[in-house]
There are 2 protein chains.
Amino acid sequence: MKNKKITIYDVAREAGVSLATVSRVLNKSAKVAPEKERMVLDVIERLNYRPNEVARGLARKRSTTVGVLVPEIGRLSVAEMLSGILDTANMEMYKYSTLIKSYASDLDLFKKYWEDLLSNQVDGILVMFDYITDEIQEMIENSPVPVVVFASATDSETLARVSIDYEQAFYDVTKYFLDNGNDDVLFCTRNYTSALEVQKRGYVRAFSESGRPVNEENILRVYRSYEENYEFAKEYLTTKKPQAIASTSDSAAIAFMNAALDLGIKIPEELEIISFSNTKTSQMVRPGLTSVSYPIYKIGVFSMRLLTKIMRNETSDENKFIEAHEIIWRQSTRKQK
Amino acid sequence: MKNKKITIYDVAREAGVSLATVSRVLNKSAKVAPEKERMVLDVIERLNYRPNEVARGLARKRSTTVGVLVPEIGRLSVAEMLSGILDTANMEMYKYSTLIKSYASDLDLFKKYWEDLLSNQVDGILVMFDYITDEIQEMIENSPVPVVVFASATDSETLARVSIDYEQAFYDVTKYFLDNGNDDVLFCTRNYTSALEVQKRGYVRAFSESGRPVNEENILRVYRSYEENYEFAKEYLTTKKPQAIASTSDSAAIAFMNAALDLGIKIPEELEIISFSNTKTSQMVRPGLTSVSYPIYKIGVFSMRLLTKIMRNETSDENKFIEAHEIIWRQSTRKQK
DNA sequence: CTGAAAGCGCTTACAG
DNA sequence: CTGAAAGCGCTTACAG
């Protein structure tokens, strides 16, 4: 560690010009005589001057920093979206720094981080929340800076957002099962919160349309870890014989699959399984796991792009992007591609 | 979006005190008369005042922000480490904001982001780099702010860092294979850079000790995607019959495993496989994949903690933490637990 | 095209 | 215990 901090004053003195001029060549914000510009640029180079973004932020009242709030950075899908967000934020035309907060699906933590981000004067915020409650929506609507919601279930028609149609995705999967003679469709989900509501709606709709009743007992809350789910599945499948499983969680889907195999239940002949996130694991397991695939990385890219537009006041006619989902058929279903 | 920015001036005026007093109660930096303190606190509450961290950072010359440089945020292990870093950074006693940059394993991008972080006046930097070259090491040593290196291979004895002993891990795995009668040990790695050197050293050492020669052709560079690796493995295993595989990449290990199974090669009887990262997938596949496990989350926690100590000038007698690794034995090896 | 000056919203010696 | 004032390192009208 060394390096004495060198400031714009040093550059101005050394180059024999005023602060203002240095600032102008730095920001290309106004015409500067070519010779002076050269001088300044030379000095900057020689002194290895690096503008202080914090001072800059204060002076121009823009931090060129955006905040990102995610429920759990350790989730593979989240990491993948962050990847899209960061890549976009750092593109030449954008160049935003990103302050990332992972709130562990905890509402209080979410609120705290939200305040933290505002304190840090972010120019905009990207929010991912499994389900946008009224409270969260109100926070967003009262935000002093633009907010874009991504990969979140919501009923709002006004929020700027990019995600997929969760209800439709669950509908599609359930309908496939029902259309193929399965009455007893298990619905496994990890978070038994209101997030469930939007998704459950698709499940219920498919049942209604097919004229069959929904059995509430078939809506299962599963665990976080694979081991727990495996034990649970093994016990469950010993007494009950569902015909099909739709799971929001990859780990639960695979736990059920492995448990079934270990119990001698044939897949997909006796039990069909579809998972709601097409992670790398889905293709590595045997039999391959049929999954709903959606453009995770792209959702990150689009949400950052949308936020940028709004921050720049580019009147975007469209502030809502619903990405298409698709079912990737593998060996855990009778239909295979 | 609404909310007119309210500043410390507004609070001072409203509470009938000076700026300085408000600042004191905000920072608890000096004694303030209890009644005045109450007043100020009340006004803050009522006005919903939120200190501007950017102005604060400028004034006190500390941003309470740290930078994090990772090769690829989308990698599950990276996400998990970030999880540990963020959790620690946000703990009451620390409270650092984190500026995260993912440089796509690109040296130029790394350098750019490095400068960006310094421009943003971070108080410290956490660096992950598959292998710390001399160039990187020099950047770190010349950094104006403290730097902690994590989960990176390096020969440096001076850098503050926390990681595992890569050489030893590769040695352990190779030795297991050699001790159990496998001469033909494939070594699969994704990045054929100097990172390889440190790891290869363990592989080579095990061979030397056992008095057997290393066959350079057994050092394989694999692909990024599972599909490519699967195709490659299938072709490879058709002509060659290795007895054991040590792979730095989970996806390659599983690709070889599935390809072998599809070719009728028995695992582990005819081919043993060990992977170098114990991801969730390792336990979900059948047969279970024996893997080297190391405390990923903990490495994040420790590195952030170490950085904090250095930033606070707490003379840490120890600036190097090497976490223990462990082999989790599953069904892809003859030894199973 | 260029400089002097005010201002961004805070903190922190310095006096008292 | 408290306030006036300088300063953190920039940007940006305002004159010229």
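Lettering of chains follows the sequences in order, A, B, ..., and the numbering in each one begins at 1.
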Subject >> B/K31 NZ to C/dG16 C1', straight-line distance once rounded to whole Å >> reply: 20 Å
Subject >> Any side-chain donor near an acceptor of the partner, B/D155 and B/Y131, under 3.5 Å >> reply: yes
**OP:** Just say parallel, tilted or perpendicular for the rings of B/F129 and B/Y103, cut-offs at 30° and 60°.
**Re:** parallel
Subject >> Residue whose closest nucleotide on DNA chain C lies nearer the 5' end, B/I8 versus B/R24 >> reply: B/I8
Original post:
Base, sugar-phosphate, or nothing: which does B/S23 touch, judged by heavy atoms less than 4.0 Å apart?
Top reply: base
**OP:** Using a 3.5 Å limit on both pairing distances, list the dot-bracket string of DNA chain D from the 5' end; Watson-Crick and G-U wobble pairs count, crossing pairs take [ ], interstrand pairs take |.
**Re:** |||.||||||||.|||
Original post:
What's the CG-P distance between B/L58 and C/dT12, to the nearest Å?
Top reply: 12 Å
Original post:
Think A/R60 has a side-chain N or O under 4.0 angstrom from the OP1 or OP2 of D/dT11?
Top reply: yes
Original post:
Of the residues in residues 33-43 of chain B, which ones touch DNA chain D at a heavy-atom distance under 4.0 Å?
Top reply: B/A33, B/K36
Original post:
When you check the gap from the basic side-chain N to the acidic O, do A/R56 and A/E53 get nearer than 4.0 Å?
Top reply: yes
Original post:
Do any N or O atoms from the side chain of B/S83 and from the backbone of B/M81 form a donor-acceptor pair under 3.5 angstrom?
Top reply: no
Subject >> Inter-residue atom distance B/R24.CZ - B/K31.NZ, 0.5 Å rounding >> reply: 12.5 Å
Original post:
How many Å lie between CZ on B/R56 and C1' on D/dC10, as a whole number?
Top reply: 20 Å
Subject >> Whole angstrom value for the distance that separates C1' of C/dG9 from CG of A/L118 >> reply: 16 Å
Original post:
So, are B/K112 and B/D116 salt-bridged, with charged N and O less than 4.0 Å apart?
Top reply: yes
Subject >> Rounded interatomic separation in angstrom, taking OH from B/Y49 and P from C/dC10 >> reply: 3 Å
Original post:
Do the side-chain N or O atoms of B/T21 get closer than 4.0 angstrom to the phosphate oxygens (OP1, OP2) of D/dG3?
Top reply: yes
Original post:
Does C/dG9 have OP1 or OP2 sitting under 4.0 Å from an N or O in the side chain of A/K61?
Top reply: yes
Subject >> Given D/dT11, C/dG3, C/dT2, the nucleotide with the shortest approach to the side chain of A/V32 >> reply: C/dT2
Subject >> Heavy-atom pair with the smallest gap, counting every atom of B/M311 and B/P146 >> reply: CG-CG, 3.9 Å
**OP:** Determine: side-chain N/O of B/N52 to OP1/OP2 of C/dC8, distance under 4.0 Å, yes or no.
**Re:** no
**OP:** Give the minimum heavy-atom separation between A/L306 and A/N319, together with the two atoms involved.
**Re:** CD2-O, 3.8 Å
Original post:
Once you round it to whole Å, what is the distance between P of D/dA4 and CG of B/L19?
Top reply: 9 Å
**OP:** To the nearest 0.5 Å, tell me how far A/K5 NZ sits from B/L118 CG.
**Re:** 6.5 Å
**OP:** Give the rounded distance in Å between these two atoms: CZ of B/R62 and P of D/dG9.
**Re:** 15 Å
Subject >> Residue closer to the 5' end of DNA chain C, B/Y9 versus A/S18 (nearest nucleotide) >> reply: A/S18
Original post:
Rounding to a whole Å, what distance do you find between B/N120:CG and D/dC10:C1'?
Top reply: 14 Å
Subject >> Donor-acceptor pair between A/D130 and A/Y166 side chains, under 3.5 angstrom >> reply: no
Original post:
Hey, which of these two, B/A55 or B/A20, hits DNA chain D nearer its 5' end, going by closest nucleotide?
Top reply: B/A20
